[in-house]
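Both counts, for ligands and for their atoms, begin at 1 and track the order of listing. The model shown is predicted, which means the values in this text are computed figures rather than measured ones.
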Amino acid sequence: MAKMKAVQVSKPGGNFEIVERPIPDPGRTQVRIKVEACGICHSDVLVKEGLWPGLPYPRVPGHEIAGRIDAVGTDVTQWKPGQRVGVGWHGGHCFVCDPCRRGDFVLCQVEKITAIHFDGGYAEYVVVPAEAVAAMPDELPADMAAPLMCAGITVYNSLRNAGARAGDVVAVQGIGGLGHLGVQYARQMGYRTVAIGRGGDKEALAKKLGAHEYIDTDAGAPAATLQELGGARVVLATAPDSKAIAALVDGVATGGKLLVVGVGPDPLSLMPLQLVLPRRTVQGWPSGTAMDSEDTLRFSALSGVRPMIERYPLEKVAEGYQQMISGKARFRVVLTMGG
Ligand SMILES: [Zn+2]
Ligand SMILES: [Zn+2]
């Protein structure tokens, strides 16, 4: 039986083990992908450290997958071997629960999550449900597409559904793994784009990514500065710092939205009055379906939005993961498979 290289974690808190496994065969409704690149996302700590209740081990992490279809199950009609594709966090849905019957697959009550409910992309091959697959445009190299499958879709899909219109002020809090993409998308979607970061050293980068304005939170009250710009129709909060996020709510315009995708451990404290009279909304947003991923990839190819990445070969997974955890990566770490 043909073998592949894969990286597994055998127990909560265990090390990454580089192992040989049989190349898995796709079931009837699944496809097999020859992985070319896989992003290392901060959420991979769920697998590495056992923070997902009931997660079976050993498990192969990785939900930012880019590669090429290599085999398809007998019931799969829409995918063919050779197609370039990606797979993200949303790893499949049941089609029969109430949210699925309403077509809202990302809210499926038994949603499958890539690398949580089945093995992920830190491997040479991965088998996934056919409905989890997004087509990847030829203009995007696999290592550039991979981070768009989680970090990219999360900011792109949340922003495009947040209600801002061309020309509106949209602020992106945090210039990191999510934020450096959020600034680019906000600019390319036609918003007056305000980047919010800590310290002056990120201003030049934020402007290079497309920000019209930069607010240094160390230099004063960022909410007041946003109000001087007329208030933000949307504040996209990407850095996982609940205190810093809560400090921005008064910078949201009347009727505007605080859109939270950065998941920190602390409660988000807001006074009801900060929401009530200005009729502000606080909303969270999960990533999206494969179709949303496909839109993300196409928009990125069209508009030139690209992640900034650091590449590591699969064998150096421990080093790459450490670089991600350290917060020093600029900005996404991507594993590349062979070649
Ligand atoms: Zn992720
Ligand atoms: Zn469902």
Side-chain angles (χ1 to χ4, degrees), residues 7 9 29 35 37-49 51-52 55 59-66 86-123 126 128-132 134 143-159 174 176-182 185 236-240 260-264 284-293 296-297 300 307-310 312 317 320-321 323-325 327 329 331-335:
V7 173
V9 177
T29 59
V35 182
C38 185
I40 298 184
C41 178
H42 196 271
S43 307
D44 295 344
V45 296
L46 299 173
V47 177
K48 176 76 167 58
E49 303 304 333
L51 304 177
W52 190 276
L55 180 71
R59 185 51 96 216
V60 177
H63 59 261
E64 290 189 338
I65 302 168
V87 180
W89 172 264
H90 181 76
H93 41 268
C94 76
F95 296 95
V96 297
C97 72
D98 283 359
C100 279
R101 289 171 67 208
R102 292 185 194 283
D104 209 349
F105 299 124
V106 84
L107 300 183
C108 176
Q109 288 162 354
V110 288
E111 181 194 26
K112 286 196 192 101
I113 297 168
T114 303
I116 299 282
H117 296 107
F118 52 88
D119 282 327
Y122 289 16
V126 64
V128 304
E131 76 270 17
D143 54 3
M144 287 286 166
L148 301 179
M149 300 308 298
C150 180
I153 182 185
T154 299
V155 288
Y156 169 81
N157 200 33
S158 59
L159 263 183
L178 293 171
H180 88 289
L181 290 164
Y185 286 125
L236 176 66
T238 73
V260 181
V261 296
V263 181
W285 195 272
S287 54
T289 62
M291 200 63 235
D292 296 316
S293 293
T296 306
L297 294 175
S300 306
M308 291 167 66
I309 62 171
E310 296 179 9
Y312 287 81
V317 57
Y321 183 84
Q323 175 72 352
M324 180 281 295
I325 285 286
F331 282 100
R332 302 295 290 187
V333 175
V334 178
L335 295 174

request  = With the Zn ion (ligand 1) as the centre, enumerate protein N/O/S atoms below 2.8 Å in chain and residue order.
outcome  = Cys41 SG, His63 NE2, Cys150 SG

Short N/O/S contact of Cys108 with the Zn ion (ligand 2) (below 2.8 Å) = yes

remark   = Interatomic distance, CG@Leu181 vs CZ@Phe331, rounded to 0.5 Å, equals 9.5 Å

note = Heavy-atom nearest pair, Cys41 first then Cys150, reads SG-SG, 3.9 Å

ask   = Are Thr29 and Pro129 close enough that some pair of their side-chain heavy atoms sits under 4.5 Å apart?
value = no

Angle in degrees, rounded to 10°, that SG of Cys100 and SG of Cys94 form at the Zn ion (ligand 2) = 120°

ask   = Side-chain contact, heavy-atom cut-off 4.5 Å: Trp285 with Leu159?
value = no

Donor-acceptor pairs are to be reported for all side-chain atoms of residues 103-111 against protein atoms at under 3.5 Å, with residues two or more places apart or in another chain.
from	atom 1	to	atom 2	distance (Å)
Glu111	OE2	His90	ND1	2.7

key: Reference residue Arg332; test side-chain contact (heavy atoms from CB on, under 4.5 Å); the match among Met308, His180, His42   = His180

ask   = Do you know which of Leu297, Val334, Ile309 makes side-chain contact (heavy atoms from CB on, under 4.5 Å) with Met144?
value = Ile309

